[in-house]
Amino acid sequence: MSTLFDPDEPTDSRPMIVHDGPAGFPSTLGANNAAPPAGFVPGGASAGGLPGGGAWAGGDSLLDGLNPEQREAVEYRGPALLIVAGAGSGKTRVLTHRIAGLIGSREAWPSQILAITFTNKAAAEMRERVEQLLGQASSGMWISTFHSACVRILRAEAERAGLSSSFTIYDSADSRNVIKRIIKELSADTLGFTAAGVSNKISKLKNELADVDSYARNANLNDPQEVMFVEIFRQYTKRLRAAQALDFDDLLAETVFLFRAFPATAALYQRRFRHILVDEYQDTNHAQYSFIKELTRPIEPHVVAELDTAGHHVRSLQDATGAIPGASLTVVGDSDQSIYAFRGADIRNIVEFERDYPGAKVVLLEQNYRSTQNILSAANAVISNNFDRKDKKLWTAIGDGAKIIGYTGYSGHDEAQFIADEIEKLRGEGVAYRDIAVFYRTNAQTRALEEIFVRSAVPYRVVGGTKFYERAEIKDAMAYLIAVANPADELALRRILNTPKRGIGPATETQLASFAEANGISFRQAMRDAGSLGMGPKVTGAIVKLARLLDEAALMLDPAQRSSDSAAGVSSVSEVLGFLLTESTLLETLRSSRDPQDETRAENVEELLAQTKDFVKENPDAGLIDFLTQVSLVAAADDLDDSSGTVSLMTLHTAKGLEYDSVFLTGIEEGLLPHQMSASEPGGPAEERRLFYVGITRARKRLYLSLAMTRAQFGETNVAMPSRYLQEIPGDLIEWRQSPGMANSRGGTQPRALNARRDGYGSRGSSGSDRFGGELPPAPKPKTEWANKVTAQVRDNGDLTLEAGDRIRHVDFGEGRVNQVTGEGTKRVAHVQFDTAGAKKLLIKIAPIEKL
DNA sequence: AGGAAGATGTTTTTT
DNA sequence: ACATCTTCCT
């Protein structure tokens with residue numbers, strides 16, 4: 001987060017560098033720095049810089065503890081470097097050391113470095129580690145995501161780009177709303193258009209840097225379907241522009257367009273960033289690729305001259321021809337971990353890097369420092385089934401480690417119970433909750449897990465999922481802020497128009513819109529002028545009042561206006577939000593509602609208010625726009641709090657780039673992994689395999705693979721088949737606690753069909769393990785004890801008191817004896833030794849138990 | 001205008 | 001199963 005507001009301002013206290021503007025080049029040197037940077041110095045580093053170094057980082061050489069390949073990746077100097085980094089091969093280490101080396105050896109100023117990461121969290125981590133290596137904070141580095149970097153550039157160059165610098169950023173839900181409205185107005189739904197479909201298509205096009213016009217030029221105008229799509233696209237573009245809004249894809253595309261249209265503007269950034277490093281390069285799409293391509297373009301002599309005349313310092317960077325050579329580019333990636341093709345990531349960007357940047361150096365990192373050999377062997381075996389890849393084998397010096405544990409549950413709930421039990425077992429062995437993670441393919445799978453975890457008193461955290469900022473009440477509150485920051489944003493205005501209810505219905509809304517249209521004024525202005533619309537006095541009053549409220553809030557933020565009455569200076573984001581929430585009665589309405597859910601909603605809004613206060617504290621110089629930007633660009637993985645002592649639950653996609661001691665990979669079933677939807681996509685199954693591979697390689701010491709025989713979806717319970725990928729793991733690596741073929745306890749449930757492999761995978765000698773070859777037995781009946789019963793009941797045992805020695809009966813586990821009771825109030829937990837089911841922990845308040 | 005009951009679709013992944 | 005959207009009723 002701090003990366004979005006990294007201290008790049010002249011107000012920064014450190015004397016090292018003085019900046020000269022948004023694209024500031026270190027034009028003036030601090031007194032303590034004698035040597036100016038001169039772009040990269042080939043060979044300079046190894047000669048006098050790094051190895052002997054230690055001058056800058058508390059004496060620790062940057063190369064200590066690196067293997068030869070890693071060293072090479074840190075030390076190499078040249079225009080282009082590709083680091084092919086297998087999972088867990090220490091690429092973050094290499095990147096941070098490389099950056100620290102560039103800065104520490106004075107080859108580059110921090111401000112000449114642009115490092116792109118996949119998430120804000122990764123950016124923050126990288127910044128921290130670089131500063132740790134350097135032994136000091138280094139302002140001016142840009143370490144951020146593609147999107148954050150583009151926002152920063154676009155806000156700085158807004159005028160050039162034809163935008164307001166306070167443009168709003170629409171998330172996918174916002175753009176879908178706009179599209180939905182357009183579809184409705186054009187009655188395009190009769191042609192089979194859906195908001196989601198159109199939104200996806202537009203997103204894909206923008207990722208390819210197409211816009212309406214370029215698309216329309218090549219469109220087949222005899223196809224009514226196509227004509228309609230073009231019309232929707234056109235409307236969408238028009239509305240976003242009118243609202244001074246950009247969607248996620250625009251952020252990149254507009255930046256690229258800006259660079260291409262204004263070479264001199266681009267040159268400011270080309271000149272500034274002499275070293276560009278991109279992480280997760282395999283997941284870049286065409287727009288991102290182009291962004292990097294533009295930034296690393298050499299600056300033509302005539303543009304250099306232009307800059308020079310404009311007073312920029314460029315002479316020192318010129319080569320013999322008068323041009324400024326392109327920045328040096330380092331990309332890191334692993335094509336085996338490419339999992340975002342579905343949203344336009346183009347694996348060719350990394351595969352063809354050498355062709356793209358002739359003379360590029362390639363370094364391969366294959367030694368893994370994360371996982372045990374058993375885990376790596378499984379990963380290697382799986383991924384080797386993807387043809388069309390460079391063979392690459394991860395290896396480790398760590399040793400074999402524990403076997404992979406396999407488990408087949410009767411249902412998703414059974415699977416979840418197994419995981420909860422195993423987590424407790426691990427806990428008993430001294431593994432902390434925070435070192436455990438549970439991965440799944442789809443968010444829907446969290447339900448069963450959460451239910452069981454709550455019951456079993458396993459502390460957990462869902463990373464991502466339904467995000468805080470996507471909640472309706474938060475979007476409402478945010479819409480107030482957006483309306484203040486960007487009066488042109490009609491979407492925000494319409495959203496708050498009748499939230500909370502103030503008697504302004506859809507009819508009134510339409511009247512306002514057409515009034516604005518007819519008079520060529522903004523929706524906001526139409527609200528101010530509502531008096532001349534001849535509506536009822538009550539409605540008119542409500543509209544005008546809202547408009548006035550927003551205007552007033554805007555004044556609170558405007559430094560020019562602070563002259564008169566209000567003694568205080570410019571108000572902070574939290575003050576403005578507090579004002580808006582109070583005056584609009586949004587918060588009060590939620591609090592006094594009789595809908596029980598509104599209580600939580602009110603709490604959420606208050607949480608947002610608290611967050612703005614934190615934000616103001618951490619970023620004293622940042623304004624409303626900065627806050628809105630930050631909120632727009634937070635990702636699922638960003639809010640992961642490492643310090644919390646909880647088990648982490650997340651999707652396989654979110655898991656990329658993370659690692660845990662113990663990993664549970666759940667739902668390894670056909671239809672789920674690989675997912676049903678991927679079957680029709682061209683590279684689908686291969687991408688799903690990479691996803692599986694990514695999941696496996698997150699584990700350091702222990703890996704659990706679990707699946708269920710039946711899984712509930714769409715309210716129906718369906719039979720699930722083991723994933724084809726399971727067979728790709730050599731049997732001797734897995735120890736099946738309950739194998740896919742032997743889940744027949746309890747009076748002999750039928751053995752079930754696998755994808756018919758006679759040698760079975762892994763079933764270790766237990767009875768019935770090899771009975772499933774060939775035949776296709778009927779689907780097993782869901783075990784009644786589990787099937788969908790957990791959801792049915794919302795239990796509340798009230799103030800049931802238990803103490804050590806009590807005997808209880810549990811719906812699923814039978815009878816048992818309480819050994820211990822811990823915790824307080826509603827969180828009291830009973831530690832129970834069941835007669836047949838073993839030891840469990842139960843949350844007393846809600847567990848399906850009775851005292852005997 | 002606002003609320004309740006009924007209809008509908010949604011679940012692949014995300015900056 | 002659940003949430004959201006639509007339709008109908010007050």
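Please read these numbers as outputs of a predicted model, since none were measured by experiment. Within every chain, numbering begins at 1; the chains are lettered A, B, ... in the order of the sequence lines, protein sequences first and strands thereafter. Just the heavy atoms: all of them, side chains too, but no hydrogens, waters or symmetry mates, feed the values below.
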For this session: Remember a base hit wins even if backbone is also touched, and classify A/D249 as base, sugar-phosphate or nothing at under 4.0 Å, heavy atoms.
Result: nothing
Problem set entry | Carboxylate-amine/guanidinium proximity below 4.0 Å for A/R724 and A/E669 | no
Exercise. Expressed in angstrom and rounded to an integer, what is the separation of A/E450 atom CD from C/dA1 atom P?
Worked result: 18 Å
Exercise. Can a side chain N or O of A/N207 be found less than 4.0 Å away from OP1 or OP2 on B/dT15?
Worked result: no
Seminar exercise, completed: To the nearest angstrom, the NE2-C1' distance between A/H413 and C/dA1 comes to 12 Å
For this session: Using the ring of A/Y469 (Phe, Tyr or Trp, six-membered ring only), decide whether A/K475 places NZ or CZ under 6.0 Å from its centre and within 45 degrees of its axis.
Result: no
Exercise. Could you give the CD-to-P distance, from A/Q337 to B/dT14, as a whole number of Å?
Worked result: 16 Å
For this session: Measure from the side-chain N and O atoms of A/D250 to the backbone N and O of A/D247, and report whether any donor-acceptor pair falls under 3.5 Å.
Result: yes
Seminar exercise, completed: To the nearest angstrom, the CG-P distance between A/N120 and B/dT14 comes to 15 Å
Exercise. If only atom types and distance count, is the side chain of A/N386 paired as donor or acceptor with the main-chain N or O of A/A686 below 3.5 Å?
Worked result: yes
For this session: Compute both the distance and the angle, then confirm whether A/R343 meets the cation-pi test with A/Y340: under 6.0 Å from the six-membered ring centre, within 45 degrees of the axis.
Result: yes
Exercise. Could you give the CG-to-P distance, from A/L652 to B/dT14, as a whole number of Å?
Worked result: 10 Å
Problem set entry | Contact nearer the 5' end of DNA chain B, comparing A/A196 with A/I504 | A/I504
Exercise. How far does the C1' atom of C/dT6 sit from the matching atom of B/dT11, given to the nearest Å?
Worked result: 22 Å
For this session: May I have the distance from A/K656 (atom NZ) to B/dT15 (atom C1'), rounded to whole angstrom?
Result: 11 Å
For this session: Give one of base, sugar-phosphate or nothing for A/T508, where a contact means two heavy atoms less than 4.0 Å apart.
Result: sugar-phosphate
Exercise. Within the distance-only criterion (no hydrogens, no angle test), does the side chain of A/S148 pair as donor or acceptor with the backbone N or O of A/S144 below 3.5 angstrom?
Worked result: no
For this session: Would you mind reading off the distance between A/N200 atom CG and B/dT10 atom P, rounded to a whole angstrom?
Result: 12 Å
Exercise. Is NZ or CZ of A/R698 both nearer than 6.0 Å to the six-membered ring centre of A/Y660 and within 45° of the ring axis?
Worked result: no
For this session: Write down the distance between CG (A/N285) and C1' (B/dT15), rounded to a whole number of angstrom.
Result: 10 Å
Seminar exercise, completed: Sorted by chain and residue number, the salt bridge (charged side-chain N to carboxylate O under 4.0 Å, His left out) partners of A/R176 (sequence neighbours excluded) come out as none
Please list each protein N or O that sits under 3.5 Å from an N or O in nucleotides 11-13 of chain B, with the distance.
{"from": "B/dT12", "atom 1": "OP2", "to": "A/H675", "atom 2": "NE2", "distance (Å)": "3.3"}
{"from": "B/dT12", "atom 1": "O2", "to": "A/R441", "atom 2": "NH1", "distance (Å)": "3.3"}
{"from": "B/dT12", "atom 1": "O2", "to": "A/R441", "atom 2": "NH2", "distance (Å)": "2.3"}
{"from": "B/dT13", "atom 1": "OP1", "to": "A/N443", "atom 2": "N", "distance (Å)": "3.3"}
{"from": "B/dT13", "atom 1": "OP1", "to": "A/N443", "atom 2": "OD1", "distance (Å)": "2.8"}
{"from": "B/dT13", "atom 1": "O2", "to": "A/R441", "atom 2": "NH2", "distance (Å)": "2.9"}
{"from": "B/dT13", "atom 1": "O2", "to": "A/H653", "atom 2": "NE2", "distance (Å)": "3.4"}

For this session: Name the residue closer to the 5' end of DNA chain B, choosing between A/G505 and A/R343 according to the nucleotide with the nearest heavy atom.
Result: A/G505
Problem set entry | Letter per nucleotide, 5' to 3', of nucleotides 5-10 of chain C [B base touched, S only sugar-phosphate touched, - untouched; heavy atoms, 4.0 Å] | S-----
For this session: Sticking with atom P, work out how far C/dT4 lies from B/dT13, rounded to a whole angstrom.
Result: 16 Å
Exercise. Taking atom types as modelled, is there a side-chain donor on A/N486 or A/Q244 under 3.5 Å from an acceptor on the other?
Worked result: no
Exercise. Under 6.0 Å between the ring centres of A/Y269 and A/F259?
Worked result: yes
